[in-house]
Amino acid sequence: MTAQLLELLSHPLGQMITALAAIMVFMAVNGMALQYAERKVAGFIQRRPGPYEVGPHGLLQPFADAGKLISKQLVAPLGADRLLFWIAPLVSVAPVVVCFLPIPFSPLLTGMNINLGLLLILAFSGLNTLALCLAGWGSNNKYSLLGAARAVAQSVAYEIPLLLSVLAVAFQVGSLDLAAIAASQTQGLLSWNVLVQPLAFIIFFISGIAETNRAPFDLPEAESELTAGFHTEYSGMCFGIFFLAEYSYMVVVCAVATALFLGGWDGPVFPGPWWFLAKTFALIFAMMWFRWTFPRVRFDQLLNICWKWLIPLGLANLVATAAIVKWVQ
Amino acid sequence: MSQDVNSRLTGDFYTAPFGPRLEPDGDTLVLNMGPQHPATHGVLRVVVELDGEYIRRAEPVLGYIHRMHEKMGEVKTWVQYLPNMGRVDYLHALAWNWAYVGAVEKLMGIEVPPRAEYIRVITCELNRINSHLLWWGAYLLDLGAFTPILYAFADREHIMDILQMVTGSRLTYCYYRFGGVSGDVNDEFIRRTREFVADFKKRLPMYRALVTDNIILRGRCEDIGVLTPEMARRYGATGPVLRGSGVAYDVRRAEPYSIYDRLDFDIPTGRKGDVMDRYEVRMAELDQCLRIVEQALDALPTGAHIHPDLPERFIPPKGEVYYAVEGARGKIGVYLLSDGGPKPYRVKLRSPGFSNLSLFAELAQGTLLADAVSILGSLDLVIPEIDR
Amino acid sequence: MSPLVLFHLAALLLLGFGLYGLTSRRSLVGMLISVELMLNGAGLALVASARLTPASDELGQLGTLLVMGLAAAEATLVLAMVLVAAKRWGTSDSDRLSALKG
Amino acid sequence: MSMKRLFQNIKGLWSLLVGLKVTGGELIKPWLTVHYPRQEVENLSSYRGHIELVPATDDPLTPRCIMCWKCVEICPSRCISLRMHATGEAGVAAADDPGLLLAPEVKSPYSAHLAPPPDKIERILDSYRLNYSLCSLCGLCVQICPVDAIRFSRNAYLVGTTRQSFELDLLARLKSQAASARGAAPTQPQGA
Amino acid sequence: MEQLAHAAYGLYLVLILAGAWAAVRCRNLVRALLGLIMTLFGVAGMYFLMAAPFMALMQILIYVGAVSVLIFFAIMLTRTPGGEAGEEGGGARPAVRTVLALLSGLLPAAILAAVILTKAPQSLPLKPELPLGRLGQFLTGPYVLAFELISVVLLAAMAGAVVLGFERRKSA
């Protein structure tokens, strides 16, 4: 029985299904943990305790929030396109699950061994834009529509520098397989790509923040301009799903950055997956730190940063990398 | 969709100015910012017509928290109207206190003891710091920075504690009385105020490092919402909004009241008149407030805190009076008309926010939505004060 | 049926739907959607032929890639044209845009 | 020109790092907030809550109030209401003329025009109620009281779920305060 | 395994059918776009089935990530003043039009289907997955001209779109 089960699990399809289930659990836990962490970081930066009352040090606060979100009534506004309105949260959360598949937590611990892992993540993370569009359009709300328009322009623009920086690393390693790229940086700190490709790392991280709509690039949900942007009209768990998707994308971006630039599972003493998680969460902490420090940029400035700085720099970096790779060969 | 909106708006008096031009040409979007909106700090409604993200027209709509303060003045006795003043502008309540008290004192010819004058200056300037700090935090909140407002509140807390010691309240003060102030200050107050001044001087560089020098903030503020001195005059703008445009008009200097002519302080002005200049003027005013408080504390005379023999009932003679003070938002004017009865015949309050807000429609034209939020924030509006 | 036929039939379905949409749709954007359907059918047929017949695998996949690139370019251009049309005549309805005017 | 722009941009990036340093520094500093159920703020000594009656120096159970009605009159929001009666022969006789019931020692707008009563009338305060939901805490009543019979309470933690819970019976409050003071420290005369 | 592949094919075919149906029939253009996206996913799935994962991922990356978003923009920006947003204008479609359209779609498809069903070449077993490097070598080797042409076309399209867009703003 167990042998059969093991065999089933070791089958690629079985492995994938197991991985998908595990990823969903991970996403849920992660969403709650990150939400708690974000509040605590915000609290400490603002010299207050953050959530404190529910459970010891407010540890149960995420559960209380989840309970609240689940029990709230789901309301679709009058005149909304019901189909699009309800489908949008699903469209936003479903691709993230796939995005987790090729992330190598260790040489063995990965959802799916695919040699195009990087491409897979890039392809499916683009779907988030679509979800925001549908949400914005389906809500029959002007704020939502403006938020959606901003979201599209922003993510389409920032996808380019993101791709450029990723490509530079892919050129250097000669693979689109995240595990292979991570494995190429396991010869100690100096082999990490963050030291080899610092510019690409910076570009990737900035674009990643923009792609996940985090402050200071959180224009699609700029609350002082558009109240809540594309999710103005969402209540209850539908909002919760958007929220979950946003935090999961954060993890994906940071995990990819870890695999690409920070040596993946490389690290002494502790087993690889812990190092991978530690690096990922360190990057997430940096994102939170940014959020609670900086004002929001304006829309044209956002695009200027992308077109005038990130894309030229990314291109230059890419060309230089290609030249050096060719020369070394 | 747009037609639908049109038919829904036609019944609305306030959208009438949008009138025939409200006809959509397929490109514009009429958007209501407010009355419940995170950027309007209170119940202000701004009807904006958007072309993409650009604002074609913006029309502020007032009256959502009109409480008839002026009319209330006509049904209350002269003394009873005092607590209303703290509620007109809850952020700089003491300036409004002062404006009304000063007007009645002028009308009745009541002399204020010097100690009371100094106490008024100290408390009023502390209150001004308080108001500017809240503006600072709220403005940055508008721009998407969440943390500064809590740092500002940490400092505000000290001021509120200090003011609570003498006034007993923390926000809507009713402290000044005809002929003085309601309670004397003690040594503890003076000690803590000096402490605060020293502490706050150390905090200001942190503010600068965290926010003022931040390139994102500068990008959001510089060359945005440029207000020419001519336009500021045309709309009757006062306070930091006017001074940001380079006009060094401050009631404390132009029509000195109380003991301000004896104090040494500068009037910071801007050059370009953009949002950044208004920001810098307010930040520079924090320094000046500290200077004034220090000087006043040094020179605080002894004596009574309130005129010793005041009449039992305040019945001013027939006549009219206008008295203006400098509030955190600009010139606060109180006009009183007395018919010799126990109640004012007419009370007119000139609130600086009203004039400053009226600028917005013209300033916001042609800007991005995000810039309009920035401009709206830079005017430092307190909606209850505008509606009165 | 052989896999090749199956894939080709799917591609044909797309072609049929695309043609139907192209003729029945009235708005320019709707027509664009139909064109994309047909392009997809073409890509599917190309890749299927390349993978399942002796034809060059690389060539088929490259061809499809180029079609995708072209589709992106075409979508950009059509978007701009639709915008101009909508701006100038206030409609993106192909029936009402049929008149030739300068 | 472009070099200058570049330099400016680098300086701008530096400013972002400085901002991060500031918030990072604050991150590791202790909290500033006071945790209410576990801690309480310390500045309540200067807090001015709703008004309360001051007891007479000799008897903690009777208020110092002389029932001159000045506080009732000056209150801008009319939140104070007062009821009293007079005892003694003169008091009963004066019951028909409310003006006589007012304190003669102080000039009040109600009593100013009246001649002082022929005999000293003993006035007894029946109730002194404050509708706290109307009060604007201006302190005019405390200031005008000729005998300092009203003061601000330190009751900062007043909460209620109904409108009635803010209609305070200050006389009852005075009595309960006296009782609790006696219960807590019998030797201590009722103080602040 | 064979059955699994057939089941997957069926699933993708259903996706394609349903999506294409929605794409050509839905009056609401955003829903039609949603149908198109379903179809795109179905086609991507078929690429996966043919062991061409690179094509599948490029399909999602380019079509779903870029082209459909562009179309969404087109829908959003061409809201006509009179009609409901994103709806096809005009009243009911005339029956003649529908029949003609049906004919124009069915006829070529039917002819080609007949050809395929009768004259289909032998289907070979699936070739091994094409390594990505080979594609790249082909693109920069024998087909470099096509590659460059595509980039020129893309550039021209972008420039054209920008020019057209600018004209729009001027007239506004």
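Note that the structure is a prediction, hence the values are computed from the model and not measured. Chain naming here is simple, since letters A, B, ... match the order of the sequence lines and numbering starts at 1 in each.
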Chemist: Side chain, backbone, both or neither: which part of B/R170 has a non-hydrogen atom closer than 4.5 Å to chain D?
Modeler: side chain
Chemist: Taking non-hydrogen atoms and a cut-off under 4.5 angstrom, which of residues 14-24 of chain D neighbour chain B?
Modeler: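 Answer by number: D/S15, D/L16, D/V18, D/G19, D/V22, D/T23.
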Chemist: Surrounding CE of B/M68 (heavy atoms of other residues, nucleotides or ligands, distance under 6.0 Å), is the total greater than 12?
Modeler: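 12 or below, so no.
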Chemist: How far apart are the closest heavy atoms of B/R177 and B/I306, and which atoms are they?
Modeler: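 Answer, listing the atom of B/R177 first, then B/I306: CB-CD1, 3.8 Å.
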Chemist: Given B/D155, which partner from the list B/K201, B/K202, B/R203 fulfils the salt bridge (charged side-chain N to carboxylate O under 4.0 Å, His left out) test?
Modeler: B/R203
Chemist: Between B/E74 and B/K343, is the closest basic N to carboxylate O distance under 4.0 Å?
Modeler: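 No, no charged N to carboxylate O under 4.0 Å.
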Chemist: In terms of heavy-atom pairs under 4.5 Å, which option from B/C174, B/G219, B/G168, B/P83 contacts chain D the most?
Modeler: B/G168
Chemist: Does D/R83, at its CZ atom, have more than 12 non-hydrogen atoms belonging to other residues, nucleotides or ligands within less than 6.0 Å?
Modeler: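 Incorrect, the count does not exceed 12.
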Chemist: Can we say B/R271 and B/D277 salt-bridge, meaning some charged N sits less than 4.0 Å from an Asp/Glu carboxylate O?
Modeler: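 Judged by the 4.0 Å cut-off on N to carboxylate O distance, B/R271 and B/D277 do not form a salt bridge.
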Chemist: Is the CD atom of D/E42 crowded by more than 12 outside heavy atoms at less than 6.0 Å?
Modeler: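 No, because the 6.0 Å sphere around CD of D/E42 holds 12 heavy atoms or fewer from other groups.
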Chemist: Pick one of side chain, backbone, both or neither for D/F152, based on which atoms fall under 4.5 Å of a heavy atom in chain B.
Modeler: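 Contact with chain B involves no heavy atom of D/F152 at all.
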Chemist: Measure the spacing between CD of B/E188 and OG1 of B/T193 and express it to the nearest 0.5 Å.
Modeler: 9.5 Å
Chemist: For the residue pair B/F200 and B/F196, does the interplanar ring angle fall in the parallel (under 30°), tilted (30 to 60°) or perpendicular (over 60°) class?
Modeler: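 B/F200 and B/F196: parallel rings.
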Chemist: Using a 4.5 Å heavy-atom cutoff, which residues in residues 153-162 of chain D come close to chain B?
Modeler: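 None at all.
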Chemist: Evaluate the ring planes of B/Y176 and B/W98, with Trp represented by its six-membered ring, and classify them as parallel (under 30°), tilted (30 to 60°) or perpendicular (over 60°).
Modeler: perpendicular
Chemist: For a salt bridge (charged side-chain N to carboxylate O under 4.0 Å, His left out) with B/R192, tell me which candidate from B/D199, B/D161, B/D187 qualifies.
Modeler: B/D161
Chemist: Between D/D126 and D/L171, what is the shortest heavy-atom contact and its length?
Modeler: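 Scanning both residues completely, I find the closest heavy atoms to be O-CD2, 3.3 Å.
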Chemist: Go through D/L137, D/L140, D/V142 and name the one with the most non-hydrogen pairs under 4.5 angstrom from chain B.
Modeler: D/L140
Chemist: Given a strict heavy-atom distance threshold of 4.5 Å, which part of B/V211 is in contact with chain D: side chain, backbone, both, or neither?
Modeler: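 No part of it gets close to chain D.
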Chemist: Step by step, work out the side-chain contact (heavy atoms from CB on, under 4.5 Å) result for D/V54 and D/D148.
Modeler: CA-CA 8 Å; D/V54 179; D/D148 292 335; over 6 Å; no
Chemist: If you measure from CZ on B/F314 to CZ on B/F178, what distance do you get to the nearest 0.5 Å?
Modeler: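 Answer for the CZ-CZ pair, B/F314 versus B/F178, is 6.0 Å.
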Chemist: I'd like to know which of B/I215, B/I216, B/T172, B/D213 tops the heavy-atom pair count under 4.5 Å against chain D.
Modeler: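 It is B/I215.
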Chemist: Heavy-atom distances under 4.5 Å only: say whether D/I74 touches chain B with side chain, backbone, both or neither.
Modeler: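 Its backbone and side chain both get close to chain B.
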Chemist: Output the option from B/M72, B/E157, B/M165, B/R218 having the highest count of non-hydrogen pairs under 4.5 Å with chain D.
Modeler: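 Answer, by heavy-atom pair count under 4.5 Å with chain D: B/M165.
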Chemist: Out of B/F153, B/Y151, B/Y81, return the one with the most heavy atom pairs under 4.5 angstrom to chain D.
Modeler: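 Highest number of heavy-atom pairs under 4.5 Å: B/Y151.
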